[in-house]
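From a predicted model like this one, the values you see are computed outputs, not experimental measurements.
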Amino acid sequence: QRELIVFIVLLLLGLGVHGRRGRARGRTKSRVQIGLPVTGKYRDPESDQYYNNSNGAKILQASHFDYEYMLGHKIAFVCVAKGNPRPQITWFKDGIELYAHSYLHVHEWKIGDDRLKSKLEIDPATQMDAGLYECSADNMYSVDRRSFKTDFSIAFD
């Protein structure tokens, strides 16, 4: 039984499973796609062709991850995506899809045959606008997402 426990511990350490708690230190630039098999290959050629399609939606440009805004001022996020067919961009806050209203506007520009630029503006910004924003680009082949964390600061004159 002891040998089994040692084997499991070694296996977990080999897979990179750590018992660390709290926030990770530093930033990682991981390009790992969610759902990709450990081997990097799919079982059948049809799945491989679908998931590894070069025409899939890809975000080329996005705003900075950590954004501090001043209350009463404008918040603006930008997302540029490419794909064939041209991807759609959808905006989310704290996991909930955003829709335009009197203080929130989404502007879109088609660029060439395969790109879309989308800009989310909130004006004026309030405390309730703090949170995790996300732009999601998708077409029939794939989905790509970027997140933006926001918090407010108070300016003292």
Side-chain angles (χ1 to χ4, degrees), residues 15-38 40-43 46-157:
L15 293 174
V17 176
H18 305 285
R20 231 168 76 171
R21 300 178 75 193
R23 290 177 77 168
R25 302 272 183 222
R27 288 186 174 184
T28 60
K29 297 234 177 190
S30 176
R31 293 276 183 200
V32 177
Q33 287 184 321
I34 295 172
L36 187 65
V38 176
K41 297 183 183 192
Y42 292 91
R43 289 184 198 172
E46 291 83 14
S47 294
D48 190 58
Q49 184 179 2
Y50 177 81
Y51 288 109
N52 293 318
N53 192 312
S54 61
N55 291 323
K58 181 125 183 92
I59 295 176
L60 305 174
Q61 179 186 355
S63 297
H64 294 289
F65 172 74
D66 208 351
Y67 184 82
E68 191 171 286
Y69 64 91
M70 295 189 40
L71 294 177
H73 291 232
K74 183 190 291 188
I75 301 174
F77 295 115
V78 174
C79 212
V80 178
K82 176 182 181 177
N84 186 11
R86 183 191 329 264
Q88 292 183 303
I89 295 178
T90 307
W91 290 94
F92 298 87
K93 179 182 181 263
D94 299 328
I96 299 169
E97 186 174 346
L98 293 173
Y99 296 96
H101 58 73
S102 56
Y103 302 110
L104 185 146
H105 302 281
V106 176
H107 308 280
E108 290 188 337
W109 300 269
K110 293 178 180 176
I111 304 169
D113 294 332
D114 60 353
R115 294 177 194 220
L116 182 68
K117 178 179 180 179
S118 182
K119 183 177 184 182
L120 171 71
E121 291 182 329
I122 301 168
D123 191 20
T126 67
Q127 292 178 357
M128 296 294 292
D129 295 316
L132 187 68
Y133 289 81
E134 195 171 47
C135 72
S136 175
D138 67 280
N139 66 7
M140 64 189 287
Y141 297 113
S142 68
V143 175
D144 195 10
R145 295 182 154 207
R146 292 293 181 280
S147 297
F148 318 99
K149 186 170 112 348
T150 62
D151 206 353
F152 60 89
S153 65
I154 302 169
F156 296 100
D157 293 331

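Heavy-atom minimum distance, Ala130 versus Tyr69: N-OH, 2.9 Å. A pairwise comparison of heavy atoms in Pro124 and Asp129 identifies O-OD2, 4.0 Å as the closest pair. Contact detail for Asp123 and Gly72: the closest heavy-atom pair is OD1-O, 4.3 Å.
Of the inter-residue distances, the one linking Ser147 atom OG with Leu132 atom CG reads 5.0 Å to the nearest 0.5 angstrom. If you take CZ on Phe77 and OG1 on Thr150, they are separated by 5.0 Å, rounding to the nearest 0.5 Å. We find the CG-OG1 distance between Leu71 and Thr126 to be 7.5 Å, quoted to the nearest 0.5 Å. Note that NZ of Lys82 is 14.0 Å distant from CG of Leu116, once rounded to the nearest 0.5 Å. One distance of note links CZ of Phe152 with CE of Met128; it measures 11.0 Å at 0.5 Å rounding. Distance SG/Cys79 to CG/Leu60: 9.5 Å, rounded to 0.5 Å.
Pairs passing the salt bridge (Lys or Arg N to Asp or Glu O under 4.0 Å) check and including a residue from residues 136-145, sequence neighbours excluded, read Glu134-Arg145, Asp144-Arg146. Counting only residues at least two apart or in different chains, side chain to side chain donor-acceptor pair (under 3.5 Å) contacts with residues 110-120 comprise Trp91-Ser118, Lys119-Glu121. Each salt bridge (Lys or Arg N to Asp or Glu O under 4.0 Å) pair with one or both residues in residues 88-108, not counting sequence neighbours, would appear here, but there are none.
The side-chain heavy atoms of Ser136 and Val143, taken from C-beta on, include a pair separated by under 4.5 Å.
The six-membered or imidazole ring of Tyr133 lies away from that of Tyr67, with a centre-to-centre distance of 6.0 Å or more.
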Give the C-alpha distance, both sets of side-chain angles, the deciding distance and a yes or no for side chain to side chain contact (heavy atoms under 4.5 Å, CB included) between Ser142 and Asn53.
CA-CA 8 Å; Ser142 68; Asn53 192 312; over 6 Å; no
What's the verdict on side chain to side chain contact (heavy atoms under 4.5 Å, CB included) for Asn84 and Asn139, showing C-alpha distance, side-chain angles and the deciding distance?
CA-CA 8 Å; Asn84 186 11; Asn139 66 7; 5.6 Å; no
